[in-house]
Amino acid sequence: MSDAERDTPATPPAADQAPAEAVPNGLAPHELTPPASAAGTAARSALLLGTFTLIFTALMALTFEATREPIRASVEARRLELIAQVLPQGDYDNALLTDIVQLPTLPALGIAGPVTLHRARRGADPVALVFEAQAPDGYSGTIRLLIALRADGTLGGVRVVAHKETPGLGDYIDPAKDRAAPKWIAQFAGRDTAQADNWTVRKDGGDFAYMTGATISPRAVVRAAGRAVAAIAPAREALFGLPTGASAGEVFK
Amino acid sequence: MITALLVMAGLALVLGATLGAASVLFKTQGDPLVDKIDAILPQTQCGQCGYPGCKPYATAIAGGDADINQCPPGGDEGVRKLADLLGREYKPLNAEHGVEKPKSVALIDEATCIGCTLCIQACPVDAIVGAAKQMHTIVGDLCTGCELCVPPCPADCIDMVPVTETVESWKWRYPVFELKVQPATLPAKEAA
Amino acid sequence: MNLEERTAYGDIGRKGLWENNTALVQLLGLCPLLAVSNTLVNAVSLALATVLVMALASGAVAALRTLIPYEIRIPVFILIIAALVTCLDLAFNAWLHELYLVLGIFIPLIVTNCIVLARVEAFAAKNSPLAAAWDGAAMGVGLLWVLALLGGARELIGAGTLFSGIDMIIPGAQALKVLGDDYPGLLIAILPPGAFILLGLLIAARNAWVARAAAARPAAPHAPVDTASA
Amino acid sequence: MLNKLFSFNGGVKPDPNKSASTREPIARLALPPQLVIPLHQHIGGTPRPLVTVGSTVLGGQRIGAPDGNVSSAVHAPTSGRVVAIEPRPMPHASGLSSPAVVIEPDGLDTAIERELFDWHAAAPGEIRDFLRDAGVVGLGGAVFPSHLKLNPGKSGHTDTLVINGAECEPFITCDDMLMRAEPGNILRGALIMQRMLAAKQVLVALEDNKPEAAAALKSAARALGHASLEVVVVPTRYPAGGAKQLIRVLTGIEVPHGSRSTDFGVQCFNVATALAVWRALEHGEPLTRRIVTVTGNVERPRNFDVAIGTPISHLFAAAGLKPDTDKLIMGGPMMGIPLPNIDAPVVKATNCLLASSPTLFAPPEPELPCIRCGECARACPADLQPFELYWHSRARNFGRAQEYKLFDCIECGCCAYVCPSHIPLVDYYRYAKSEIWARERDKDAADSARERFEFRNWRADREKEEKAAKLAARNAAKPAVKPADGAAPAADVAPSAGEDPKKALIEAAMARARAQKEAVAAKNTDALTPAQQAQIDAAEERRKRASELSGSDAPVK
Amino acid sequence: MYNSPYLRQNTSVRRVMVTVLVAMLPAIAMQVWLFGIGLLLQIAIASATALACEAAMLSLRRRPVARALGDGSALVTAWLIAVCLPPLLPWWMIVIGTSFAIIIGKHLYGGLGQNPFNPAMLAYCVLIISFPALMSQWPGLQGSDAATQLNWVLGGERALDAVTGATPLDALRTGLLGNADVSAVMQSPAFGHVAGAGWEWVALAWGAGGLLLLALRIITWHIPAAFLGAMALVSGVAWLIDPSHYASPAFHLLAGGTMLGAFFIATDPVSGATTPRGKLIFAAGIALIAWLIRAFGAYPDGIAFAVLLLNICVPLIDIKTQPPVFGHKVEPPDGGAR
């Protein structure tokens, strides 16, 4: 009870205010304007609040300007770092983040709406395609994946970007939560994608490992990755050929 | 950036004007707190708190002029109730104002009373009857035990007699609880 | 600074760190406290941000207190706090981006942390800028040590490590595997229920401590220093 | 005819233990050397003593007059001498004393001349007064003055009169034996009551574990041949004899706490009360004796016909108290009260005296925490949640206890009887109830003190105002004098007097007071101007008058 | 000094608790017969831990240790914890769960009679949240010999793949997520007749123990009836709407912890509702939430979470369902004091 009361800032913590209904001690006393008229007080309040607002909004605006560039750099660095987990940064030398193609809505990717596909090149040679896909059938909801497909048809790697799997049970698909060594997700790296459509876990007759008692999450990841790769792999040469920023709708017709 | 500044300043002007006007238009009046405090005080009207009666003391507490631990007849329980009501920290009774005593009533030794009426004037609750040159009697049921009648008596004929238990006022005791439990007085609670 | 002032400052510090501790006594601002205390690094980072905001906001309000009319004090306080938090949020985003992503919404939420506004309203509005800044810092540090304890305990029990995620602040630094690689981890400690259970235990421990201390010296009521008028 | 019985929730079935005291018929107990007759034996005002120490009394003589209508008279059971009127220990759980008339019987047992009363011809109000003066109160244990209950109320009639012979507590058999001994007179008393209440039917109810009493009553009822009179046998279940539970069983009506059953068209009396009414009205006999069961840990358990005021030790001597007795109880084992003093007298409420030994009633096992199993709620005949009452009573959270209807608890003891944690639940309710009553007394006292204090302040203000007004009037009467005074001290207030007439008056009064003082102080100074002297004289004159007027200012020496 | 009533019924908390333990025996026997003796070892570990923790906490709190230990409540908690865990857990998990239940779940709230949450369910939730993988490994019906089971519980060897199987609820959930429909999942031989081979018999044994408790008046009919009724109703409605995605009421009644929950868990008087109407609401609420968790939640069975959720609501339920007091049956139950 008393805690709830204390939570309201209007009645501040008990110990150090002497009278409960503290009249403004140090605050500008309104006795200065003895018979306060509503209009007068309103005008004075409005002006003062306006002044304070201007000062502090200016402070915020200046900070915003000052941090704009560093923030942009940070966001970019973060994105590259994430991609580096499926495609080492040394493998390519182009501006990966700007070398993009818009994929149309593909059922195989599991994402409603267009998807941005990044293209990595070393000099003029195509190196890999990097794109996102989603597994809709995780144990508790969809699992977002980042996939790198190399130009030679092998898989660069798969990384779980976001998931809601049961902590301690199915969440080993996320390398940050996986206590095993090597990480479970590492078994995607370097795989040949020719049979990607049929990828599945060992329990279902495939050759992907899983942990006892938690089959659903790895099965979902493996199947989703396989489906996505199988859809993109045949079109990879065409995708590399498209101009930057183009829509890849024609390729998948 | 200029837009942001203008929007914020505009908002501030409107809000400031509203708040300023509201502070004048919706000023609250009256203080029901005094009555709530007065209801907790024991109404002995003894003045031990330093105020001429319970109501003035209640007003002083509400106004922040008096502390909550100045009422010996209200005792420890009274201080706790006041602390609860006001959300203040409990503190033990201030010994300067006296100590908690068992409830007693004044009794006039009728043989010695000279009928001076001084005690009648001192009694804050009209619990003494009598007239000039007549023997006075204290109505026991009305006496609050404030002791204000004792000092003025020139004949020293008023005694304070502790109230004894009768069959009617007898109370059943708190049952002996077998497992050691001391409810209600955890120091941690007071510190909070 | 004379002796009297010094005791007053000491009193402010003691209140903030122990007697009126935000997290253990006043139970204010528990939402971020419970949400981000899953690792030591997260907990300390958010707490440091809060300390900074509290000290600056209290100091700023105290410095401006004679200019602020009573009836618009709350919007002005909020404005000051919000401006400070916004700047801090932008700074985190720019220079501690990983941590910014982890702490997420909880940095902006410092604005609505009741403890900040509570101290500004209860203390800073009535005291000198120095005292107010000290009070804000003390209250913040009170929150900091509890958060650090809570975060450390949750991380240790839940994962057997300390300082995981330190690389977000000091690149290349490693987490300590205190309980070794084989420790299975009591996952509940890291999950939300663990925050409630451990905070409850901390509060209980403090109450037990206070009760014992009070029992040890029964008749020594220290004269309370009225910090409000210090 | 009553063809349907209802039921109440809860209740328990403890071992009745009634056979021991029903083997022998009721015995009339010889008079003790001293009778202690408490003046206050019933609910209501304490009677005033009508006798003085040293006076002689006759059997049936009134020794205590009822104090107001909610009270009842007290009588001497036999002839003798009043040796003391003083506080004596009472048969009460507190063991405290209360005023009593102590009579030494002279052994002659001379009765006072009975005033015979033609109740057939009397108005109901007269009958009620007669019963009040005959000291007839409820003998089932509540000792509520019976004349108050024999009033049909505003409606002028009652549906059902219940005569309660469902003596449900274990061990107690006084009503059982009385019903076996005097069934006819009980029923005659019931018919008188029926007439007074204008009741449509009379139900004499008793439990099915008293077949002899039931048979006796039934045959007596047949003999009387009243169609509206019926003997009803109800199932044995404690507390079926509680008035509210019995009314519920017979009529299906639930009388809530704080309401009178008359408002629901039902009135309930104990069988012994019915007999007492008949004796009072038919023979002019006041209530000076009653049947008391003496049982438990005694050699010869039985029922005694005892003069009220007989020391309890006398009864136990007659029944042969066993040496391992550890405790004496007045009443039954479920609701009885402990008797701290064996010399306390039998009063009108004493239905049973129970000697307890550790083997008969084992001391309770240590109290364990409540596990909220709900057994108590299932056993509660008042449909309460006893564990909640306990919870709040134990925490001294009396407001919440009252919200859970603490005062609907009849303290029947069913909850404590079934509690697997052995919690003395009823003790907590008794504690909470008496605390709440004490607080209410304190609060009423505080409220009245506040009122009187405020009235006194108001009166003081008024007196002050009146005095000021009087003085002002006097000032106004001699306006010319003041300026003429010249150097008189009153002159220095004149400049400020203009702005506020009231203020001016008060200040003038104060100034005069000052003047008086100075005048007194200056009394022996020499070299006064004539004007000053005149002023002083005037002041002295006023002072004298004032002190004569008020009287209260009289200097005390 | 003590006052009336001087007569006392021959009853005690200990007697109540021992009766509950006895009523658990049929189901324990059934589980041991079906899954091996691992459970007995678990009961022993849980009992020892519970008694040790109880004794330690009592002496820390300066209460009479022997008397409170003798009431048997710690043993009931220990046994309930042991029977709802998979029977091959490593010993330290049982120790963690049991000590959490006794120390934090019971004594930190004030000991017997004061705990707002069911201690056994607290232990279960702590364990399933902390160790979801281990908590979902149930031994297969074929069982294994005693020495192997001992080794699993006491030793570190945990190559369980060969012998463990999912519970029927788990299997159903996995199957449904794999886009199979209910009847296809049920075709699997492990499913027995209704709710999993063996599981049905365990559930029926719990039901038998529950009937014993009812017969001995340790519990009232309200909670089991409302629990099972609500479970049947809600699962039945869903099943009628879409039998390919929702299992039948018979399955839900006999699978997982339904019977155990209805007769032994939800009927815990300390943490449950106490008024008759309150008991109905309380138990129906548990059943509803448990079914929701089974059908849509992240864990295969939801009895434990549902019980804890409804435990929180008990004070509210009790206050709002106060039965009318004698003579006050026409008024609202909280219509003013006196």
Side-chain angles (χ1 to χ4, degrees), chain A residues 1-69 71, chain B residues 1-34 36-37 40 58-69 79-91 184 186-192:
Chain A
M1 207 17 108
S2 60
D3 296 340
E5 284 163 13
R6 260 193 246 121
D7 248 341
T8 55
T11 39
D16 29 0
Q17 87 283 27
E21 45 287 325
V23 212
N25 264 1
L27 295 177
H30 47 173
E31 289 89 327
L32 287 179
T33 51
S37 75
T41 316
R44 191 178 63 124
S45 303
L47 274 178
L48 272 166
L49 190 56
T51 317
F52 278 115
T53 308
L54 277 178
I55 295 168
F56 285 97
T57 312
L59 177 69
M60 283 186 269
L62 288 177
T63 317
F64 179 73
E65 288 301 325
T67 54
R68 181 185 295 214
E69 191 47 36
I71 288 175
Chain B
M1 181 171 162
I2 298 297
T3 338
L5 281 175
L6 286 179
V7 168
M8 290 291 285
L11 263 175
L13 287 174
V14 175
L15 286 177
T18 318
L19 280 172
S23 75
V24 176
L25 296 177
F26 303 123
K27 216 169 210 155
T28 50
Q29 305 276 351
D31 194 0
L33 190 64
V34 174
K36 281 190 194 159
I37 298 174
I40 292 174
T59 317
I61 295 178
D65 301 329
D67 217 332
I68 55 173
N69 60 348
V79 180
R80 277 182 203 284
K81 279 189 189 160
L82 286 175
D84 258 11
L85 174 71
L86 301 168
R88 295 199 203 166
E89 214 166 325
Y90 160 82
K91 42 182 92 170
L186 281 174
K189 222 178 187 176
E190 297 156 21

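Labels below follow one simple rule: chain letters A, B, ... track the order of the sequence lines, proteins then strands, and each chain is numbered from 1.
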Quiz item: Any idea which heavy atoms bring B/Ile40 and B/Leu85 closest together, and the distance?
Solution: CD1-CD2, 3.9 Å
Quiz item: Which region of B/Leu13, side chain (C-beta onward) or backbone (N, CA, C, O), has a non-hydrogen atom less than 4.5 Å from a non-hydrogen atom of chain A, or is it both or neither?
Solution: both
Quiz prompt | Between B/Gly10, B/Ala17, B/Ala9, the one whose heavy-atom pairs under 4.5 Å with chain A are most numerous | solution = B/Ala17
Quiz prompt | Interatomic spacing from CE in A/Met60 to OG1 in A/Thr57 - rounded to 0.5 Å | solution = 4.5 Å
Quiz prompt | A/Ser45 to B/Gly16 - nearest heavy-atom pair and separation | solution = CB-O, 3.1 Å
Quiz item: What's the spacing between B/Arg80 CZ and B/Ile68 CD1 if we round to 0.5 Å?
Solution: 10.0 Å
Quiz item: Side chain, backbone, both or neither: which part of B/Leu15 has a heavy atom under 4.5 Å from chain A?
Solution: both
Quiz item: So which of A/Ala61, A/Ala58, A/Ala42, A/Ala43 has the biggest tally of heavy-atom pairs under 4.5 Å with chain B?
Solution: A/Ala42
